[in-house]
Amino acid sequence: MNKKLETAVKALDSKKAVDIEVKKVSEVTVIADYFVIAGGTSNTHVRALADEVEFKMREAGFELRKTEGISTGWILLDYYDIIVHVFLPTDREHYNLEKLWTDAEKKIRAKLRYAWDENYFYIAAELVDDNTLNHFSFVILQQHQCAVDGSENAATINI
């Protein structure tokens with residue numbers, strides 16, 4: 001995840017945004033590379049979320065091009081290649097950007113992990129949802145019977 005996108009998502013998460021989603025839209029539009037869509041529970045919460053994104057992005061050196069909707073239930077923060085949308089629940093449901101941009105990619109990635117014990121060598125994938133930064137699954141892809149020779153800091157694995 002790029003630094004600008006990570007900064008925006010972490011700012012929203014730090015203020016308890018509801019259902020943060022990241023949509024990669026660069027393949028379907030020229031207006032931005034990513035949309036960050038999040039919800040607040042009240043007008044005050046929506047404003048606090050937008051303020052925190054502005055503060056953290058400015059602190060990290062990212063320029064805000066434009067802000068819209070300050071006095072509405074949908075605040076838009078345009079950071080050129082990333083547009084942050086913060087909604088009240090009713091406005092989010094009404095405008096339903098997630099459905100509108102269904103062709104956009106929802107980012108999920110896998111991190112490979114390796115482990116072994118006295119009898120087996122494991123190759124696993126940890127699935128990470130880049131929309132929320134949550135680690136939500138750990139799947140063993142391969143398991144090999146093996147013999148491990150060596151100390152706990154280094155080992156030779158015979159498969």
- Item | Residue list, side chain to side chain donor-acceptor pair (under 3.5 Å) with Lys15, at least two apart or on another chain | none

- Message: Minimum heavy-atom separation for Pro89 and Gly40, please, with both atom names.
- Response: CD-O, 3.1 Å

- Message: Applying a strict under-4.5 Å side-chain criterion to I, L, V, M, F, W and Y, I'd like to know whether Ile83 and Leu97 cluster together.
- Response: yes

- Task: Heavy atoms only: give me the nearest Leu49-Gly39 pair and the separation to one decimal.
- Result: CD1-O, 3.5 Å

- Note on the structure: Quick note, ring-ring contact (aromatic ring centres under 6.0 Å, His included) partners involving residues 61-84, not counting sequence neighbours, are Trp74-His85, Trp74-Phe87, Trp74-Tyr95

- Message: Suppose we screen for salt bridge (Lys or Arg N to Asp or Glu O under 4.0 Å). Which residues come up paired with Arg47, at least two apart in sequence or across chains?
- Response: Asp51, Glu54

- Could you tell me which non-hydrogen atom of Lys23 sits nearest to which non-hydrogen atom of Ile37, and how far apart they are? CG-CD1, 4.3 Å

- Rounded to the nearest 0.5 angstrom, the OG1-CG distance for Thr90 and Leu88 is 5.0 Å

- Hey, mind stepping through Leu77 and Leu64 against side-chain contact (heavy atoms from CB on, under 4.5 Å) and telling me if it holds? CA-CA 7 Å; Leu77 305 166; Leu64 176 64; 4.1 Å; yes

- Item | Euclidean distance, Glu52 CD relative to Glu59 CD, rounded to 0.5 Å | 8.5 Å

- Message: Quick check: is Phe55 connected to Ile75 through a chain of hydrophobic side chains (ILVMFWY, heavy atoms under 4.5 Å apart)?
- Response: no

- Message: Under a 4.0 Å threshold between the charged nitrogen and the carboxylate oxygen, would Lys4 count as salt-bridged to Glu6?
- Response: no

- Item | Residues forming a side-chain contact (heavy atoms from CB on, under 4.5 Å) with Ser42, sequence neighbours excluded | Thr44, His45

- Taken in chain and number order and not counting sequence neighbours, the residues that satisfy side-chain contact (heavy atoms from CB on, under 4.5 Å) with Val36 are Leu5, Val9, Leu12, Ile20, Val22, Ile82, Val84

- Flag yes if more than 12 heavy atoms outside Glu93 fall under 6.0 Å of its CD atom; otherwise flag no. no

- Quick one: do Val25 and Val30 end up in the same hydrophobic cluster if we chain Ile, Leu, Val, Met, Phe, Trp and Tyr together by side-chain heavy atoms under 4.5 Å apart? no

- Query: Between Asp78 and Lys66, is there a salt bridge with N-O shorter than 4.0 Å?
  - Reply: no

- Query: Rounded to the nearest 0.5 Å, how far apart are OG of Ser26 and CD1 of Ile31?
  - Reply: 11.5 Å

- Starting at CG of Asp81, measure out to CZ of Arg65 and round the result to the nearest 0.5 Å. 9.0 Å

- Applying side chain to side chain donor-acceptor pair (under 3.5 Å) to Asn43 and not counting sequence neighbours gives none

